[in-house]
2 protein chains.
Amino acid sequence: MKSTAPKVTIEVVAKKAGVSKGLVSFALNNRPGVSPETRVRILEVAKELGWKPSLRARSLSTQRSYALGLVIARNPDVLASDPFFPSFIAGVESILAPEGRALVLSVVPDEETELHTYRSLVADGRVDGVFVSDLRHNDARIPLLAELGLPAVTLGRPDGPSPFPAVTVDDTPGVMASVAHLATLGHRRIAHVAGSSTLLHGLRRRAAFAAALEAAGLPAGQTVETDFSVAAGSDATRRLLTQDHPPTAIVYANDPMAIAGLGMAHELGVRVPDELSITGYDDIDFCRYVYPPLTTVSAAPMVWGRSAASTLLTLMENGSADDVDLPAARLVVRGSTAPPSDR
Amino acid sequence: MKSTAPKVTIEVVAKKAGVSKGLVSFALNNRPGVSPETRVRILEVAKELGWKPSLRARSLSTQRSYALGLVIARNPDVLASDPFFPSFIAGVESILAPEGRALVLSVVPDEETELHTYRSLVADGRVDGVFVSDLRHNDARIPLLAELGLPAVTLGRPDGPSPFPAVTVDDTPGVMASVAHLATLGHRRIAHVAGSSTLLHGLRRRAAFAAALEAAGLPAGQTVETDFSVAAGSDATRRLLTQDHPPTAIVYANDPMAIAGLGMAHELGVRVPDELSITGYDDIDFCRYVYPPLTTVSAAPMVWGRSAASTLLTLMENGSADDVDLPAARLVVRGSTAPPSDR
DNA sequence: CTGAAAGCGCTTACAG
DNA sequence: CTGAAAGCGCTTACAG
């Protein structure tokens, strides 16, 4: 049975070590001005007493929270079917945990609430920095965060000026490789089920698609814009396949839509890959296990998370951090692509 | 151009209102002992000055963090393919945000790290309470949290004694309904691809499966245990279907495995639902859009999140909270189930 | 109903 | 190299 331990504070450590509180603090934080022997002694006493400085007291003095924030503005459906964030967050945590930093997560329904959430996080001093994902055209968060003075790292490079470091996985090569792969197989009518054009990565994949067609000497392909949701991917596929001259291949802006597209093709009696080739983007776990397995582009969300977290910590420590360009996403060829049937 | 605002604290509000700091605090927190007129005046001055009490200072005085924690111990693959948490979290946030509470999220690789994470969260005073998900047999977290004195709410009822309120969605009726549905269609060889038996909901769905077979007067069915991952679901399906007397129907413990099973059936040339019926669990978005669309059991993770958050807040406020039994998950019949072919 | 003061547990100039 | 004190911005007994 434990006796109720009297709370051990910096005060009792100082007393026991025979020094002032200030000196304990200096020793703990590796500040100059403490003789080596004294420091060792203080740290020994601290360990012996099992003392950890109070995060709350420290936060009040230093005006920092030792936590980082991620606010996600997506409708729940899209969020739920997209495995990007769980993996990304796992990567982030693997860096933050050893540093004693926590992650504060907000999931909000829309962009307006999102901006308000950043203001609240700052007003409450909940976080010392944030991850900015799902970059938008002329993203309002960049100037807001700059104005609030909140350190940030962006996932990808914004299309406007930004004072923040960017950690980027270039998605252009992967999309171009997808199209080139299809072109090489002999496809000439290739369509694109694009993501939301309010999102930069949606726009960029779309542009890469167009550029790749041109590079392959093919005519411009049909593009259907969606909100990245499974439902929209399914609808877009139906629309494309029920035309007079349907495409023989479809490049999807993400895997969930591609998987929905696969289902729709089955439903319409269009055989994949014999009559229709399909490619996705992200290489989520499902890709390997649907039938036929999905040709897709493999990003590495966990690595992205680790790198973004490191960059943000560096920024907060040094006041600046370099942009990081991670290896570009790569094409992974599986069973959902094949030469087009003769028609 | 803004002038750098001099920081407005409780002190300046008090001064301007002509009262003491203490009184401002009392007025703010609706404590008795402030005359109505004085309170109104104080609050007006506060609003006028745009004052919000400092969360950090308040945290230090009250020894609370005004944040709640969720720590998830899953391997990243399983986590990524399971849309439960994003939806659950969206539900949690919808309750916390208006209350000015934040959610601290930890994703850890294993159970040991998980326990350590709870200790850290308490040691650092990061959270005032936690959500306990993925309950295990004889869950070590229950006694740990009790010992740490950290308020908690469990998702589902633990199988041991627990001092914490439980918010439960009974999954037994849904699984039993699945089996009954298949039995009614005429299936007699029904198998179960179970989740991990270290997880209570895995165990419970498995028990429900067995009970339902018995209730239908059918012989015990084959059960293959998995770790809930897409890969394991795929493997289990292959094993079941490549036997001499394969089952004519498979009940999966979650949707991702069922979707992988669908893919494997296709790969093996087994037609669904003609030669094989399949049911899932959770009703994730994908279910509607694979082909054939998946018969499954619909839980409501967002509602669960809202309810768990409310319960935890009540517990922290009142020192106790009632268990909540949410409506049981319901069977949703779609195209992946049909009468068995004659053999 | 109200005021003055101590306390939460650290960090950080300022003296010596 | 070290100590004593102020400060971070609240809350909460304690007096009156």
Side-chain angles (χ1 to χ4, degrees), chain A residues 4-43 45-46 49-67 100 122-126 128 316-317, chain B residues 4-43 45-46 49-67 100 122-126 128 316-317:
Chain A
T4 314
K7 190 152 205 174
V8 29
T9 68
I10 196 173
E11 178 102 47
V12 350
V13 174
K15 204 150 284 174
K16 177 142 187 193
V19 298
S20 68
K21 295 191 306 178
L23 209 55
V24 175
S25 178
F26 273 50
L28 180 76
N29 297 309
N30 286 314
R31 293 292 205 79
V34 189
S35 73
E37 310 85 61
T38 310
R39 156 168 303 144
V40 167
R41 183 161 45 88
I42 290 174
L43 294 181
V45 170
L49 263 40
W51 175 70
K52 277 192 58 172
S54 151
L55 188 70
R56 287 200 262 256
R58 190 176 237 182
S59 285
L60 183 58
S61 308
T62 62
Q63 304 285 33
R64 293 197 286 155
S65 63
Y66 305 94
V122 170
D124 289 345
R126 288 272 192 197
D128 302 324
M316 287 163 35
E317 187 118 343
Chain B
T4 313
K7 190 153 205 173
V8 27
T9 68
I10 196 173
E11 177 102 49
V12 351
V13 174
K15 204 150 286 175
K16 178 140 187 193
V19 299
S20 67
K21 295 191 306 178
L23 209 55
V24 175
S25 178
F26 273 50
L28 180 75
N29 297 309
N30 285 314
R31 293 292 205 79
V34 190
S35 73
E37 310 85 62
T38 311
R39 157 167 302 143
V40 167
R41 184 161 44 89
I42 291 175
L43 294 181
V45 170
L49 263 38
W51 175 70
K52 277 192 57 173
S54 152
L55 187 70
R56 287 200 261 257
R58 189 176 239 183
S59 285
L60 183 58
S61 306
T62 61
Q63 304 286 34
R64 292 198 287 156
S65 62
Y66 305 95
V122 170
D124 288 345
R126 289 274 192 196
D128 302 324
M316 288 163 33
E317 188 118 344

(request) Output yes when A/Asp124 and B/Lys52 qualify as a salt bridge under the 4.0 Å nitrogen-oxygen rule, no when they do not. (result) yes
Give a yes or no on whether the backbone of [Y] and the side-chain of [X] come within a donor-acceptor separation of less than 3.5 Å.
X: B/Thr38; Y: B/Val34; result: no
X: B/Arg41; Y: B/Ala17; result: yes
X: B/Asp128; Y: B/Arg64; result: no

Hey, does [X] reach any base, or is it just sugar-phosphate, or nothing, if we go heavy atoms under 4.0 Å?
X: B/Ser20; result: base
X: B/Leu23; result: sugar-phosphate
X: A/Ser25; result: base
X: B/Thr62; result: sugar-phosphate

(message) Please compare A/Lys21 and B/Ser54 by the position of their nearest nucleotide in DNA chain D and report the one closer to 5'.
(response) A/Lys21
(message) Please compare B/Arg31 and A/Thr38 by the position of their nearest nucleotide in DNA chain D and report the one closer to 5'.
(response) A/Thr38
(message) Judged by each residue's nearest nucleotide on DNA chain C, which is more toward the 5′ side, B/Ala57 or B/Phe26?
(response) B/Phe26
(request) Specify the residue among A/Pro53 and B/Val34 whose closest nucleotide of DNA chain C lies further upstream toward the 5′ end. (result) B/Val34
(request) Could you list where the contact with chain B starts and ends along DNA chain D, reading 5' to 3', using a 4.0 Å heavy-atom cut-off? (result) D/dG9 to D/dT12
(request) Please report the C-alpha distance between B/Leu28 and B/Arg58 in whole Å, then the side-chain angles of each, then the deciding distance to 0.1 Å, and finally whether the side chain to side chain contact (heavy atoms under 4.5 Å, CB included) criterion is met. (result) CA-CA 12 Å; B/Leu28 180 75; B/Arg58 189 176 239 183; 3.4 Å; yes
(message) Run the side chain to side chain contact (heavy atoms under 4.5 Å, CB included) test on A/Tyr66 and B/Arg126 for me, step by step, so that the C-alpha distance in whole Å, both residues' side-chain angles and the decisive distance to 0.1 Å come before the verdict.
(response) CA-CA 10 Å; A/Tyr66 305 94; B/Arg126 289 274 192 196; 3.8 Å; yes
(request) Write down the partner of D/dA13 under the Watson-Crick or G-U wobble criteria, each distance required to be under 3.5 Å. (result) none
